[in-house]
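Below is one structure, written out as structure tokens, with a few remarks after it.
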Amino acid sequence: MSQSRRDFMKNLGVGAAGAYTATLISTRKQESIAFAAEVGLPVDEVINLANNENPMGPGKPVLDAIGRALGGHGEKPGRYPFPYTTPLNEALAAKWNVKPENVLVGAGSTQILVNATHTYTSNQKALVGSLPTYEECFGYASLVGHKTKAVPLTSNFSTDLDQTFYACKGAGMLFYCNPNNPVASLVDPAESKEFIPRVLKMNKDLRILVDEAYIDYVTTPGHETMIPQAIENPRLIVARTFSKAHGMAGLRIGYAIAHGDTVKELNKFHMGNSVSSLSYAAAIAALERDASDPSFIPSEQKRNNEARSFTRKWFHDHGYKDTEAQTNFLFVDVQMPIEDFQGACRKEGVRVGRPFPPLWTHCRISIGTMDEMQKAVKVFDKVLSAAKAMAA
Amino acid sequence: MTLTRRAFFRTVGPGASAPSPTMITARGREALEGEFGSVEAGIIPPADVDEVRISSNENPLGPGPSAIQAIRDNMDQSNLYPMNSRITDRAVRARLAEQIDGASAENIVIAPGSGEILRNCVRAFTSPSRPLVTAECSYESPTRTAAYFDVPVKSVPNAADLGLDLDKMAGAAIGAGLVFLCNPNNPTGTAHSRSDINDFVRYVTKASPFTYILVDEAYHEYVTKPSYSTAAELALTHRNVVVARTFSKAYGMAGLRQGWTIATKETAAKVRAYKLTLGTNILGLAAIMGALDDPEHLKQEVERNTEVRKYTMDFFRSHGYWVSDSQTNFMFTKTNMPAKDFREACAKHKVSVGRDFPPFEKTHARISIGTMEEMKRATEVFTESLGISATDAGAGSN
């Protein structure tokens, strides 16, 4: 993130034709123009740590693939994306050593979450999940009047497996976000392995949707994807996304891996035709790159982990407690009303996560680049010190 | 549609007979086959380089240079959600609102393709006790959604010119949840005048105030018929009217998945409730902004299509084949042979034409308008597929 403001303005200009290959790795400074104008700061000095975006972008091979998908004369976007669907299903199947019929692609994992909620819950069969967790499933269930059961986290902000087990009695689907957004924590790998088969055995109609959006950022030894179990068990679905470690949040593409029968069931509720041909091309290129360069994801994990460790240490050194983050964001008790913290940081040019009720003093802080985090902690210092001085 | 207002009210008046039970059908499994075949199957293979694909009403040239440039300029934003990218969903809604007199961003909903708008309107406005009204031969997406949600469908047979039978549809609308008015209509290509649509809306709003009317204007930009104009103004002034638009056709962005809708604030909120969260990708949003900066390109694309459409329609007419009054980038023609046979005959020469469109699948074909070069090659293939010989020219076969 060392791109100068001058370079940035140049890239924005009309001379930018073809410049995308030269700029390649994206910088989030660019998104912040409006925000910068709003807070009256130079665009270089605003940092967005609110939405768990990957500051590094998808990388050159992916951006090149998007360029190729435009066609030599920009003619290709005139065609519907269908020719890409089979190649991507096949590439994902190859990556996970499953069959194409085990794969369902959607406009972000969001669409997978909505479809599973639609398909497997009802006004009698509840959706079960943690409180708080990623809200998509609960939001959809509420919209369509499906029953919901939200299970508060344990006192150390972990998924409460015992209470979740009881809540799953008679339920339609458990949304199992692991690591859990917004609290960043992971269920102990051994406990998770024991819990899933046990709850599936207790409720023979239950489906479990395992959201692995952040799995590439997990550093806890022994944590593994549930994909091998999902292709064996029609009642287990794994949702994945290209939005996080692959840096493609804006392209809106994610997928489910599940038993073939389950994929068919999910497909009955129109998935529509919501994914762009450019996003398909990008995802295919990302998978090719992952195959040819197995260090890409580990190096992104390492980059994130360094910036995460730095930020966590800063909070610990200043007496603030956070959860054991296994994601590209932190969940920290800032010991002041989150809305005040958020507003004060915003004035200083740093956007942090919104409130996640009922945790009114906890803040979700996304991990940017090391450079961004070094600047951000100075803002946190200022804001938190001022609040303490006020309280004193 | 030459329907006079008097005739209109006569046919839909209190004396008009209720739609017959046979009209009320959910088309079932067959209807679940999409525009492009089964979604579960492998669908369409990648295009052969020398294939003439005139089967899906795609724009063969893609978006204009300003849209492509906008995509290139915004690729570096691929890691950002659409609320954070340089070009946000909100900014695009505001820009789209500028296209419509009297609209603001709250009147606009953007979706990944207008297909989602259609689906969400069916979800928002119909129920098992509030049917969907559509034409027998029209775009089937709303019918498929209705079938999925166990919503009864009243399919009204098309008029003699294969346009929508607005009289009968107005009659069927009484007590319905939603009327789907595809204008211009896919697959028949016909368009209704603004005054016909006005009369329809006025009648239905009065006779059945809780019935919504979805006007799908996917092919709006291609219409050349002078009496036609958009129903957008009606959508801003009537709580029960929704207009759907897409960037997939004249704007050449089928691959980028961007559609939008115009409605009153309250109605837009109802449609938005079912919207997929963060459904629209940022490169498509950027392309919209680029495209709207170059209205001249759109004008040229419409002129190009009009010219090639005329060439293709003239080909059929000169050989005595009936064609509908196409106002779109496709045409519907009476080949007098099953669409399947025609399709297979053309496919032998790498020309792909449209699928079956019941109830006209035994006699009619839908042919999309490609480039002039493509249509010249295609018409040579049609000559062979239809068994036209030189002496057939001018022999009526309507």
Side-chain angles (χ1 to χ4, degrees), chain A residues 11-12 16-18 20 23-24 26-28 30-31 33 48 51 53-58 62-63 66-67 70-71 73-83 85-86 107-108 110-111 114 136 139 143 247-252 264 267-279 282, chain B residues 32 34-36 39-40 42-47 53 56 58-65 67-69 71-73 75-86 88 91 111-113 115-116 119 144-145 148 248 252-257 273-274 276-284 287:
Chain A
N11 291 334
L12 266 184
Y20 73 97
T23 48
L24 31 133
S26 93
T27 82
R28 283 179 306 156
Q30 303 179 0
E31 59 85 16
I33 298 169
N48 183 12
N51 303 105
E53 291 161 338
N54 173 343
M56 306 309 290
V62 173
L63 297 181
I66 295 173
L70 294 172
H73 307 284
E75 75 285 2
K76 286 191 179 173
R79 304 288 178 185
Y80 284 98
F82 292 101
T85 57
T86 300
T110 305
Q111 197 173 16
V114 166
E136 196 62 36
L143 173 71
M248 291 161 52
L251 302 182
R252 313 309 306 124
K264 270 187 201 150
N267 229 342
K268 274 185 205 158
F269 177 54
H270 287 293
M271 290 295 289
N273 170 17
S274 304
V275 180
S276 160
S277 56
L278 303 182
S279 307
Chain B
L32 292 168
E35 179 76 9
F36 306 92
V39 175
E40 289 142 46
I43 324 188
I44 302 173
R53 181 174 289 179
S56 303
E58 293 164 330
N59 178 333
L61 301 178
I68 292 293
Q69 188 60 50
I71 294 171
R72 292 194 183 280
D73 291 347
M75 278 184 198
D76 63 346
Q77 304 271 293
S78 295
N79 56 328
L80 305 178
Y81 286 104
M83 71 282 192
N84 291 330
S85 49
R86 192 182 295 129
T88 60
E116 187 188 281
R119 264 198 309 284
R144 290 198 297 273
T145 307
Y148 180 87
S248 295
M253 299 183 194
L256 305 181
R257 315 310 305 126
Y274 289 96
L276 183 64
T277 310
L278 300 173
T280 46
N281 73 89
I282 62 123
L283 298 179

Below 4.0 angstrom, N of the basic side chain to O of the carboxylate: do B/Asp73 and B/Arg86 qualify? no

On a heavy-atom basis, the closest approach of B/Ile282 and B/Tyr81 is CG2-C, 4.2 Å

Heavy-atom closest pair (A/Pro83 atom, B/Arg53 atom, distance to 0.1 Å) is CG-NH1, 3.9 Å

Residue selection (most heavy-atom pairs with chain B, distance under 4.5 Å) from A/Gly74, A/Gly108, A/Ser277, A/Pro77: A/Pro77

Option that, when pairs with chain B are counted at under 4.5 Å, heavy atom only, ranks first among A/Ala107, A/Gly247, A/Gly71, A/Gly78: A/Gly78

Against chain A, label B/Thr280 side chain, backbone, both or neither, depending on which of its atoms sit under 4.5 Å from a heavy atom there. backbone

Under 4.5 Å heavy-atom distance to chain A, tell me which part of B/Leu61 shows up: side chain, backbone, both or neither. backbone

Among B/Asn281, B/Asn59, B/Ile68, which residue forms the greatest number of heavy-atom pairs with chain A at distances under 4.5 Å? B/Asn281

Let's test your reading of the structure: which of B/Ala273, B/Ala91, B/Pro82 forms the most heavy-atom pairs below 4.5 Å with chain A? B/Ala273

Check salt bridge (charged side-chain N to carboxylate O under 4.0 Å, His left out) between B/Arg119 and all other residues, then give those that pass, not counting sequence neighbours. none

Chain B heavy atoms under 4.5 Å from A/Ser274: which part of the residue, side chain, backbone, both or neither? both

Can you tell which part of A/Val62 gets under 4.5 Å to a heavy atom of chain B, answering side chain, backbone, both or neither? neither

Taking the side chain from B/Arg257 and the backbone from A/Tyr80, do they hold a donor-acceptor pair closer than 3.5 Å? no

Just jot down the side chain to side chain contact (heavy atoms under 4.5 Å, CB included) partners of B/Ala287, sequence neighbours excluded, or say none. B/Ala67, B/Ile71, B/Met253, B/Leu256

